[in-house]
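What follows is a single structure, written as structure tokens, with notes after it.
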Protein chains: 2
Amino acid sequence: MAEQSLETVTADDVAILAGVSRWTVARAFKKDGVISDKARAKVMAAATELGYVPDLLAASLASDRSNLVALLVDDFDNPHKLVMLERLTRILREAGYGTLLVNMLGESDGPEALLTASQRRVDAAVVIGTQFDEGIRRTALGAKRVKQLIIFARASTAPGTISISCDDVAAMTEITRHLLEKGFKRPLFLAGPDTESTRLMRKDTFINVWSEEGSDPPPSVIHVPEYSMALACEAVTTRLSDLPSQVRPDVIVCENDVLALGAIDALRHRLGLSVPADVAVTGFDDVPLAASPAYDLTTYRQPVTEMARALVRVLDNGGRDATDVFLSGRFIQRGSS
Amino acid sequence: MAEQSLETVTADDVAILAGVSRWTVARAFKKDGVISDKARAKVMAAATELGYVPDLLAASLASDRSNLVALLVDDFDNPHKLVMLERLTRILREAGYGTLLVNMLGESDGPEALLTASQRRVDAAVVIGTQFDEGIRRTALGAKRVKQLIIFARASTAPGTISISCDDVAAMTEITRHLLEKGFKRPLFLAGPDTESTRLMRKDTFINVWSEEGSDPPPSVIHVPEYSMALACEAVTTRLSDLPSQVRPDVIVCENDVLALGAIDALRHRLGLSVPADVAVTGFDDVPLAASPAYDLTTYRQPVTEMARALVRVLDNGGRDATDVFLSGRFIQRGSS
DNA sequence: AAATTAGTTGCACGCGCGTGCATTCATATG
DNA sequence: CATATGAATGCACGCGCGTGCAACTAATTT
């Protein structure tokens, strides 16, 4: 592989060296391109010698696909985002897609962020595990260059979108039954923001299953305005302090791991209680920290890999006849319950 | 703003509606374009009506800038990566750059990942806080489409690259002096992989400062093969178990927070020791978890925002006369030391 | 052996916009 | 009022590749 000049190498250069036309070069680089083995070999040899790599930018301009996906993220405080980003970037890259990471800065930045992405002709915009904003949907439908709007790790029935998520109902049912079996009596559900759009079914499922299959009083619920460990810690501290142990919850069921970790911190470090002896805790997501000896959190692992694969299928289909996807994960019992 | 057909709106459409030429439209969208206020107003009105947004893809093809930056990440286990991603995506986006997130899958995937990025004509490839691979550098210099290779959050003297990082020497000096003042006697330094390339100066600095300004025996050091809480936990457990308290380290100085959190877990949950009473711990990075009551970790906050801004400056300069950047962060004393 | 067919290859045109220069217009000067 | 000056605007050409069809070659059929 000879060192080339700093001129960019185009398909034309390869074509000349290989003694074929430029279009034959393009075919050689298409997986299912119709081309003879001989020609492909010649092209590949020439390409290697020149260090040629197809320019995806020019390809995107010429065709109506960019093989680029925008990942829209608005909450970088949740370590589970990192898990999803790892999985998505890996699996999308393996499938030939590039990933544009877009930070949805503030509250109402969704539409703006989406426009940013659309300027690069992304094949799809994927909103990752976030409260779904109606403004985003309208912008997406308005902007012609956003071909698909996909909600990842969040169920959504918004028209014009496809959601790929964990089956929250099945998952939370499993958690609830586990707690009922263990004999807990006074659960407290710790939830995130109480919004209308794209809600998680976790809270409702817990309440339903507990009420139907469980005993006595209906579960009580507290909401925190953000999925933050600090806020969860504070909320739990406030709620439980000065509460006589007879009426104190014996288990805190959390909408996700971040809340659960905050709850555990509150119990141990603010209230001087022990987990799970005094109060048990369960989470949702299975963030890496949940497995650490410090927290040892019972949780439910979202099937992130399978969800990413499902996303690839939707993308490969170009959005034709795509339907919402629900996948089951795995209940992970650890020491916190 | 009337609903348009699904045809893509181009600058031509806007030009016709505004009664100007296509190039005037382009000028209106350039911040410093020479254009009369009147024309710009007309263009903007027409653009708004049609819902026109410039196509950055076509712009990239036509010019030699894409305003796209590749972020190469290989270790998604460190929560500090999430902090850096948040800051980088935000600040780069504010400065008009898009960010392509590329997962460097395995060991020797660097060059391949870089090629992937180069196919999209990125203005720069930014390697984020990772062991710097020589293969990446050679590929970058070989691939003409990668105009700049930037090492972020890691010092590097590799030729042809620019590094933007925290001033590790100043930072670790500050940590060390703090520990000396506090009167610690038997430090243990917990480090990550012991490689040659792009190393952190933290370990060497600690050893130097401690040896010069401190007393008695030189600090001992252990390396773990990866920056992982679990491995750190294991390593510390192995090292300290069955060690009589007279010779036990009184402080564990860690190369970063991930190691420090693992060390704390080991001390508390494996060895039954208390932090900081029995053994103190310090970290580096100031990941969000370091502030939680569970860990309350003394650490050093990297100036991530300033580093991101420095990156923007380098990018805006197109790499001309750019030199390595070192920035100071802030020592954060908490309860673990 | 001529005609048919499948397998390959070549090519005109366009994707949407930037660059650099030529041209036109508005304003200031003598 | 004519000219000089700078500000605004218009335009030919190209960026690198994909699409869809036409042309060509080799293998198959009757």
Side-chain angles (χ1 to χ4, degrees), chain A residues 6-16 18-43 46-47 50-68 96 118-123 143-145 147 318, chain B residues 6-16 18-43 46-47 50-68 96 118-123 143-145 147 318:
Chain A
L6 271 90
E7 306 271 318
T8 63
V9 182
T10 75
D12 277 310
D13 303 326
V14 178
I16 293 171
V20 297
S21 71
R22 182 167 71 68
W23 294 272
T24 301
V25 174
R27 286 192 188 92
F29 277 88
K30 261 182 74 173
K31 281 178 297 297
D32 49 355
V34 271
I35 186 176
S36 66
D37 295 345
K38 207 175 55 182
R40 170 166 272 153
K42 273 196 301 185
V43 169
L50 296 177
Y52 169 74
V53 189
D55 184 330
L56 293 185
L57 212 74
S60 308
L61 184 61
S63 74
D64 59 345
R65 307 201 53 187
S66 61
N67 288 312
L68 229 201
S118 79
Q119 290 191 278
R120 309 229 178 231
R121 291 207 184 178
V122 292
D123 284 342
K144 304 85 193 169
R145 286 212 267 269
K147 309 190 195 79
Chain B
L6 272 90
E7 304 272 319
T8 62
V9 182
T10 74
D12 278 309
D13 303 327
V14 178
I16 293 171
V20 299
S21 72
R22 182 167 71 71
W23 294 273
T24 301
V25 174
R27 286 194 187 91
F29 277 88
K30 263 181 72 172
K31 284 179 296 296
D32 50 353
V34 268
I35 187 177
S36 65
D37 295 345
K38 207 176 54 182
R40 170 166 271 153
K42 274 196 301 185
V43 168
L50 295 177
Y52 168 75
V53 188
D55 184 331
L56 293 185
L57 212 73
S60 308
L61 185 62
S63 73
D64 59 344
R65 306 200 53 185
S66 60
N67 288 312
L68 230 202
S118 78
Q119 289 192 278
R120 309 229 178 232
R121 290 204 186 183
V122 292
D123 284 343
K144 302 86 193 168
R145 287 211 266 268
K147 309 190 195 77

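Numbers restart at 1 for each chain; the letters A, B, ... are given by sequence-line order, proteins then strands. The structure presented is a predicted model; accordingly, all values stated were derived computationally and were not measured.
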- Query: Of all heavy-atom pairs between A:Gln119 and B:Asp55, which one has the smallest distance, and what is that distance?
  - Reply: O-OD1, 3.6 Å

- Item | Interatomic distance, A:Asp37 CG vs D:dA26 C1' [rounded to whole Å] | 15 Å

- Message: If the helix axis at each end comes from five base pairs, how far does the helix from C:dA1-D:dT30 to C:dG30-D:dC1 deviate from straight, to 10°?
- Response: 40°

- Query: Under 4.0 Å between a side-chain N or O of A:Ser63 and OP1 or OP2 of D:dT19?
  - Reply: no

- Message: Please determine whether a side-chain nitrogen or oxygen atom of B:Ser21 lies at a distance below 4.0 Å from atom OP1 or OP2 of D:dG10.
- Response: yes

- Side-chain contact check for A:Asp55: nearest option of C:dC17, C:dG18, D:dG16 is D:dG16

- Give the rounded distance in Å between these two atoms: CD1 of A:Ile35 and P of C:dT8. 9 Å

- On a heavy-atom basis, the closest approach of A:Thr10 and A:Tyr52 is C-CE1, 3.5 Å

- Task: Nearest whole angstrom, please: distance from the P of C:dC15 to the CG of B:Asp13.
- Result: 11 Å

- Note on the structure: Separation of D:dG14 atom P from A:Arg22 atom CZ, nearest Å, is 15 Å

- Heavy atoms only: give me the nearest A:Lys30-A:Arg40 pair and the separation to one decimal. O-NH2, 2.9 Å

- Please check the phosphate of C:dT9 (OP1 and OP2 only) for any side-chain N or O of A:Ser36 closer than 4.0 Å. yes

- Task: Look up atom CG in A:Leu68 and atom CG in A:Leu57, then write down how far apart they are to the nearest 0.5 Å.
- Result: 9.0 Å

- Item | Those residues that, when tested against B:Asp12, pass salt bridge (charged side-chain N to carboxylate O under 4.0 Å, His left out) (two or more places apart) | B:Arg22

- Item | Nearest-nucleotide 5' precedence on DNA chain D, B:Gly19 against A:Asp12 | B:Gly19

- Can you tell me how far P of D:dG16 sits from CZ of B:Arg120, to the nearest Å? 17 Å

- Let me know, please, whether A:Ala11 or B:Ala39 comes out on the 5' side of the other along DNA chain D by nearest nucleotide. B:Ala39

- Message: Give me the atom names and distance for the closest heavy-atom approach of A:Ser66 to A:Asp123.
- Response: N-OD1, 3.0 Å

- Item | For A:Val43 against A:Ala28, the heavy-atom pair lying closest together | CG1-CB, 3.5 Å

- Find the distance A:Leu57:CG to D:dC15:P and express it as a whole number of Å. 14 Å

- A:Arg121 CZ to A:Ser63 OG distance, which is reported to the nearest 0.5 Å: 8.0 Å

- In whole angstrom, what separates A:Leu61's CG from C:dC17's P? 9 Å

- Message: For a quick test of reading the model: is some side-chain N or O of B:Thr24 closer than 4.0 Å to OP1 or OP2 of D:dG10?
- Response: yes

- Message: So if I take every side-chain heavy atom of B:Lys30 and compare against C:dG18, D:dC17, C:dT19, which nucleotide ends up nearest?
- Response: C:dT19

- Between B:Val14 and B:Ala47 the two heavy atoms that sit nearest each other are CG1-N, 3.8 Å

Please list, for nucleotides 21-26 of chain C, all pairs of protein and nucleotide N/O atoms separated by less than 3.5 Å.
none

- N/O (side chain, A:Ser60) to phosphate O (OP1/OP2, D:dC17) under 4.0 Å: no

- How long is the gap from CH2 on B:Trp23 to CD1 on B:Ile35, to the nearest 0.5 Å? 14.0 Å

- Item | Gap between atoms CH2 and C1', on A:Trp23 and C:dC13 respectively (whole Å) | 10 Å

